[in-house]
Amino acid sequence: MITGKNYIGSQLSAKGENVYKTFNPQSNTENEHVFYAATSEEIDEAVTLASEAFEVTRSLSGLKKAAFLNAIADEILALGDELLDMYCAETGLPAGRAQGERGRTMFQLRTFADLITEGSWVDASIDTAIPDREPLPKSDLRKMYVPLGPIAVFGASNFALAFSTAGGDTAAAFAAGCPVIVKSHPMHAGTGELVSSAIIKAAEKTGMPNGIFSNINSNGIEEGSLLVSHPKVKAVGFTGSIRGGRALYDLATKRDELIPVFAEMGSINPVVALPKALENKAESWAKTYASSIAMGTGQFCTNPGLLLGVKGESLDNFISILSKEFVNIDPTCMLHPNILEAYNNNKSKALEQPELDIVADYTAEVKPNYAKHAVATVQGKTFIANPTLHQEVFGPYSIIVQCEDMAELETILSKLEGQLTGTLIADDNEATDYPKVIAALQNRVGRIILNGMPTGVEVCPSMVHGGPYPSSTDSRFTSVGVDSIKRWVRPVSFQDWPNDLLPDALKNENPLNILRLVNSEKTKDVI
């Protein structure tokens with residue numbers, strides 16, 4: 001837990017004996033700060049405070065919540081270089097990445113503030129009564145979204161800011177009116193505590209209730225399990241591995257009260273390269289693909305881990321250019337020795353599979369915690385028959401599948417697990433010749449890309465960051481963009497209630513001046 005004064009439900013004095021430190025992968029040494037894992041009593045206290053806070057936050061106005069979100073962004077910026085230095089020390093990532101991720105985190109908070117200030121996100125729908133309708137009268141029915149309650153958010157290993165303590169899950173939950181208990185990722189506990197201090201200051205300045213936010217430190221799985229199992233937690237947000245996300249999902253299903261777990265998990269993000277595109281622009285696409293695989297040491301959930309193409313001279317040329325380009329890319333640092341170890345193990349397992357050829361393999365000596373990147377190739381029939389080759393290798397690795405024809409390529413797409421993204425590389429007007437490929441790709445992904453690379457996730461209303469299982473546990477939702485707020489709410493219908501007892505969003509006079517669906521017409525008019 002964060003040590004210090006017990007206020008806003010966050011800075012609970014640490015009582016546990018389980019202590020640990022974070023690690024600097026660039027210097028290959030432990031950082032100096034000591035962190036205490038939360039006790040079961042502290043977890044119960046945090047969730048109980050959140051449940052009590054929900055009695056207030058569930059009814060907060062959009063303006064009040066927006067002030068809180070904007071204040072969090074202000075306080076994060078006010079942390080200055082202290083936050084950036086801690087981020088770099090705990091992730092091994094460069095200062096430019098730290099600044100970019102801080103900017104994205106603040107943008108997410110302010111974007112949700114704008115959303116709830118305007119207010120139409122509650123999706124108010126009104127069907128007025130028709131008491132003299134024959135043969136049966138029609139009741140007055142009014143529907144809107146309401147918040148679920150306390151949300152448990154698990155910080156991600158690869159985004160210490162944007163998908164962690166004050167990341168998209170937390171911002172969306174606060175916007176919905178839900179208190180948040182964050183289970184900080186142990187690899188960047190210091191970054192998490194600094195951001196927690198910013199949230200606490202913002203909560204104090206804007207008059208938020210005690211318990212609206214808590215930060216749980218932990219370097220194991222017990223604390224997270226206790227959090228998900230707690231009867232007062234009403235939903236879970238997670239970004240990480242399939243193993244971790246599925247474990248939380250399974251744990252939630254064993255509760256007396258089932259709750260949703262919105263987990264964004266592993267993905268190999270297939271890229272389909274059509275023949276004319278490779279024939280005309282093999283060099284350009286090879287350089288783009290190599291750069292995308294290596295970006296951020298391959299530590300993105302949207303890293304392109306699979307490329308599919310049809311056998312031929314153009315694909316051979318593409319592979320040749322890619323292999324030369326890829327081995328000339330300088331290795332970079334991974335987030336933690338444990339992540340590097342997992343990468344090396346998974347890469348070795350993949351490369352040891354029969355009938356697989358290594359076309360690019362960085363073999364020179366590297367600094368401690370730096371990853372050696374690799375690209376392999378395999379025949380389509382071999383890939384189909386070997387599920388091991390379908391699994392994510394988290395890091396700078398990818399595999400190129402050489403298909404006999406488009407029919408085999410379509411078969412491979414149909415047999416893939418659910419993915420976050422799918423990309424089509426096509427020459428001018430070439431995509432129109434392959435509707436079945438496009439349909440097969442769309443059926444397996446949450447975001448389909450034309451002539452780009454999947455790395456990079458824009459924060460905007462039209463973004464979908466999710467997909468069929470196992471890329472996420474519920475493909476109907478996104479974890480990025482303003483629509484991610486829908487994970488933390490549920491619809492409630494009010495039947496035949498007097499106007500003065502209705503929520504403001506559903507009152508006849510429309511005091512919030514929001515856009516509503518009234519008798520099947522969108523309008524801001526009063527009733």
Side-chain angles (χ1 to χ4, degrees), residues 97 100-112 115 121 151 153-176 180 182 185 235-242 244-246 248-249 260-271 292 295-296 298-306 392 394 416-424 441-450 452-489:
R97 166 69 183 269
E101 200 176 325
R102 180 183 63 179
R104 172 175 166 163
T105 303
M106 294 166 58
F107 177 76
Q108 290 174 159
L109 290 160
R110 298 197 193 281
T111 298
F112 278 109
L115 177 78
W121 73 273
I151 307 299
V153 171
F154 286 71
S157 66
N158 57 338
F159 283 89
L161 291 172
F163 281 86
S164 290
T165 309
D169 287 350
T170 298
F174 283 154
V180 174
V182 167
H185 199 284
V236 177
F238 173 86
T239 301
S241 68
I242 294 174
R246 185 55 196 254
L248 296 181
Y249 183 89
V261 174
F262 297 104
E264 183 261 288
M265 302 180 289
S267 185
I268 58 174
N269 306 296
V271 177
S292 186
M295 183 182 295
Q299 298 170 118
F300 294 122
C301 49
T302 53
N303 188 57
L306 171 68
E392 179 186 29
F394 187 72
L416 289 178
E417 294 181 326
Q419 307 292 328
L420 292 170
T421 75
T423 300
L424 187 72
L441 192 60
Q442 179 182 318
N443 192 47
R444 305 311 305 141
V445 305
R447 175 164 54 110
I448 186 167
I449 302 155
L450 179 63
M453 282 293 134
T455 37
V457 181
E458 186 68 30
V459 180
C460 69
S462 301
M463 173 55 65
V464 172
H465 193 57
Y469 182 84
S471 63
S472 70
T473 48
D474 195 326
S475 62
R476 297 171 297 174
F477 296 90
T478 176
S479 65
V480 174
V482 293
D483 273 358
S484 66
I485 196 174
K486 294 178 181 178
R487 296 170 299 163
W488 315 128
V489 296

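Listed for the Glu458 side chain is no donor-acceptor partner under 3.5 Å among the backbone atoms of Met463. No donor-acceptor pair closer than 3.5 Å links the side chain of Arg444 to the backbone N or O of Gly422. Thr455 places no side-chain N or O within 3.5 Å of a backbone atom of Asn303 that could act as its donor or acceptor partner. No donor-acceptor pair closer than 3.5 Å links the side chain of Asn269 to the backbone N or O of Gly305. The closest donor-acceptor contact from the side chain of Ser475 to the backbone of Gly467 lies at 3.5 Å or more, if one exists at all.
For the atom pair OG of Ser157 and CD of Gln299, the computed distance is 7.5 Å after rounding to the nearest 0.5 Å. Atom OG of residue Ser484 and atom CD of residue Glu264 lie 12.0 Å apart, to the nearest 0.5 angstrom. Interatomic distance, Arg447 CZ to Ser462 OG, rounded to the nearest 0.5 Å: 12.0 Å. Atoms CG and CD1, on Leu441 and Ile448 in that order, are 4.0 Å from each other to the nearest 0.5 Å. Within the model, atoms OG of Ser471 and CD1 of Ile268 stand 11.0 Å from one another, a figure rounded to the nearest 0.5 Å.
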Query raised in the report: What's the verdict on side chain to side chain contact (heavy atoms under 4.5 Å, CB included) for His185 and Phe163, showing C-alpha distance, side-chain angles and the deciding distance?
Result: CA-CA 10 Å; His185 199 284; Phe163 281 86; over 6 Å; no
Report task. Could you check Thr239 against Phe159 for side chain to side chain contact (heavy atoms under 4.5 Å, CB included), going step by step and ending with a plain yes or no? Result -> CA-CA 9 Å; Thr239 301; Phe159 283 89; over 6 Å; no
Requested in this report: Begin with the C-alpha distance, continue with both residues' side-chain angles, and end with the deciding distance and a verdict on side-chain hydrogen bond (donor to acceptor under 3.5 Å, both in side chains) for Thr421 and Thr302.
Outcome: CA-CA 7 Å; Thr421 75; Thr302 53; over 6 Å; no
**Report entry** From CA spacing to verdict: side chain to side chain contact (heavy atoms under 4.5 Å, CB included), Leu420, His465
**Finding:** CA-CA 6 Å; Leu420 292 170; His465 193 57; 3.9 Å; yes
Query raised in the report: Stepwise, does the side chain to side chain contact (heavy atoms under 4.5 Å, CB included) test hold for Thr473 with Leu248?
Result: CA-CA 11 Å; Thr473 48; Leu248 296 181; over 6 Å; no
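The two residues Ala176 and Val489 make their nearest non-hydrogen contact at CB-CG1, 3.7 Å. The shortest non-hydrogen separation linking Ala166 to Thr105 is O-CG2, 3.4 Å. Across every non-hydrogen atom of Ser292 and Met453, the tightest pair is OG-CB, 3.5 Å. Across all non-hydrogen atoms, the minimal contact from Gln108 to Gly168 is NE2-N, 3.3 Å. Of all heavy-atom pairs between Ala171 and Phe112, the closest is CB-CD1, 3.8 Å. Here the closest heavy-atom approach between residue Ala172 and residue Ile485 is recorded as O-CG1, 3.5 Å.
Gln419 and Ser267 form a side-chain donor-acceptor contact under 3.5 Å, judged by distance and modelled atom types alone.
Here the side chains of Lys486 and Trp121 are not in contact, with every heavy-atom distance at 4.5 Å or above. Using a 4.5 Å heavy-atom cutoff, the side chains of Leu416 and Pro270 are in contact. No side-chain heavy atom of Ile151 sits less than 4.5 Å from a side-chain heavy atom of Asp169.
Screening Val480, Leu109, Leu161 for a side-chain contact (heavy atoms from CB on, under 4.5 Å) involving Arg104 leaves a single residue, Val480.
Contact check on Arg487 versus Asp474 returns no salt bridge, with no Lys/Arg side-chain nitrogen under 4.0 Å from an Asp/Glu carboxylate oxygen.
With sequence neighbours left out, Phe394 forms a ring-ring contact (aromatic ring centres under 6.0 Å, His included) with no residue at all. Legend: residues meeting ring-ring contact (aromatic ring centres under 6.0 Å, His included) with Tyr249, ordered by chain and number and at least two apart, are absent.
Using bins of under 30°, 30° to 60° and over 60° for the plane-to-plane angle, the ring pair Phe477/Phe262 lands in the perpendicular bin.
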